[in-house]
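Since the structure is predicted, the reported quantities are computational estimates derived from the model, not experimental observations.
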Amino acid sequence: MATIKPFLCIRPDAALAHRVAALPYDVYNRSEAKAAAAKDAISFLNIDRAETQFPDETDTYADCVYAKASELLQARIADGTFLADPVRSYYIYELTMDGRVQTGITACASIDDYLGNVIKKHENTRAEKEEDRIRHVDTCNAQTGPIFLAYRRNETIHSIVEKTKQNAPLYDFTADDGVTHRVFVISEPSDVAAVSDAFSKIDSIYIADGHHRAASAVKVGLKRRAAHPGYDGTEEFNFFLSVLFPEDELKILPYYRVVRDLNGLTKEAFLASISEHFTAEPLDNTAFSPSEKGTFGMYLDHTWYRLTASDSLRQITDPVDSLDVSLLQNYLLAPVLGIGDPRTDKRIDFIGGIRGLGELERRVSEDMTVAFSMYPTSISELFAVSDAGRLMPPKSTWFEPKLRSGLFIHMLGD
């Protein structure tokens, strides 16, 4: 059963929250991060990506970068940009994008639940990406980017959330990208106890987004345990900052694929090669976004095609092999285009669905040859893969809207 606990939150002054809140550190490359951070000195991106404070030739992973992140965080606490709440609380984090609302509980999850697979994963992590956030969390002595978790809807939690949202929010602002962010505090002791009890009866929590942040937080916790052999499990380093959403409020966008060449094939030979497993219907210049599982869009030589998987592929029931991303990889990208390992092959790139089909056309016109639009993976498919103890192929899900960093900070203590 899950341990999801209230925490002592460090958070922005209400008048500054809209300026502090920043998109996650990993949605930017270095030049983009530097340009975005320069727009506002108190944007949390300055702390999340502290290499932006140094000349471009400075190593992104130099010791001075992590020291600067800690220095900036302490400076923002000292100057009143951030305030320390005196009571352990849960926080409601509501995001509204394109009229759709999703509401989560900001809290701290247990590293033991992560290690014991109560908190379930669906992606592998890479050591080099973990190491950056391990050093950031350890040096700052704080978790600053919440892990995006999902759970099956619970009526007790839902009713407390809806009741609390009748109160005045701590924050209410619309970011430059049009996403509205509202935050409320669950302050009634009976409500805090009820939320904690409800989560304690939930046997599975799922990482939706933030596998590397979660793995890094856990490894910092284990490092602190090793340094404090007398720990009793209540210390802050035993928990990590999270926002937990009911699965019925989440929306997954597709993750598109673009490939640099046709693996030495002519257009005609390529179309013939894929015909064993897919029917290709040309659509001329009509961009195609799939509306059902087992269908794909393909943009090649200024023409859009609707690809439909064969009946035999549609009958696959394995929770991983039946995913559309798996069908495309296993029966087209690998055997026809030679993309054996999409994690490492430089001939393939991935484009989040938020960027639209026009981005696929642009990439094909500039540096790629063929693009594929996808039907999004469903949250039920994500749960099924995680419940089976399996892993999804890389770049299977794209969640929107993104949780902002800097609205909630969890200090790890001594």
Quiz item: Does the cation-pi check pass for Lys251 over Phe399, that is, NZ or CZ under 6.0 Å from the six-membered ring centre and within 45° of its axis?
Solution: no
Sequence neighbours excluded, the answer for side-chain contact (heavy atoms from CB on, under 4.5 Å) partners of Tyr375 is Pro290, Lys293, Asp324
query: When the ring centroid of Tyr91 is compared with that of Phe184, is the distance short of 6.0 Å?
result: no
Checklist entry - Charged N to carboxylate O below 4.0 Å: is that the case for Glu32 and Lys34? => result no
Tyr25 and Leu45 have their tightest heavy-atom pair at CA-CD1, 4.4 Å
The side-chain hydrogen bond (donor to acceptor under 3.5 Å, both in side chains) partners of Asp367 (sequence neighbours excluded) come to Arg363
- Query: If you measure from the Lys or Arg side-chain nitrogens to the Asp or Glu carboxylate oxygens, is any gap between Arg30 and Glu51 under 4.0 Å?
  - Reply: no
Quiz item: Between His228 and Phe237, does the ring centre distance come in under 6.0 Å?
Solution: yes
May I ask you to say whether Glu235 pairs ionically with Arg224, meaning some side-chain N is under 4.0 Å from a carboxylate O?
-> no
**Prompt:** Quick one: are the ring centres of His18 and His181 less than 6.0 Å apart?
**Reply:** no
Any salt bridge linking Asp138 with Lys219? Criterion: basic side-chain nitrogen under 4.0 Å from a carboxylate oxygen.
no
Q. Thinking salt bridges, do Asp132 and Arg49 make one under a 4.0 Å N-O criterion?
A. no
Paired with Trp304, the ring-ring contact (aromatic ring centres under 6.0 Å, His included) test is passed by just one of Tyr299, Phe288, Phe372, Phe296, namely Tyr299
Using 4.0 Å as the upper bound for N to carboxylate O, is an ion pair formed by Arg355 and Glu400?
no
Please tell me if the side chains of Ser216 and Phe240 come closer than 4.5 Å, counting only heavy atoms from C-beta onward.
no
(message) I'd like to know if the side chain of Ser386 reaches the main chain of Leu382, judged simply by a donor and an acceptor atom lying under 3.5 Å from each other, with no hydrogens or angles considered.
(response) yes
**Report entry** Lys/Arg-Asp/Glu bridge criterion (N-O < 4.0 Å) met for Glu236, Arg88
**Finding:** yes
query = Taking the inter-plane angle between the rings of Tyr66 and His136 on a 0 to 90° scale, is it parallel (under 30°), tilted (30 to 60°) or perpendicular (over 60°)?
reply = perpendicular
Shortest non-hydrogen pair, Pro24 vs Lys402, comes out as CD-CB, 3.9 Å
| said: For Phe408 and Phe7, I'd like to know if the aromatic rings sit close, meaning centre-to-centre distance below 6.0 Å. | reply: no
| message | Any carboxylate oxygen within less than 4.0 angstrom of a Lys/Arg side-chain nitrogen, looking at Asp248 and Arg152? | response | no
- Check whether the ring centres of Tyr255 and Trp398 lie less than 6.0 Å apart, and answer yes or no. yes
Under a 4.0 Å N-O cut-off, is there an ion pair linking Arg257 with Asp349? no
When the ring planes of Phe148 and Phe245 are compared, do they come out parallel, tilted or perpendicular, using 30° and 60° as the limits? tilted
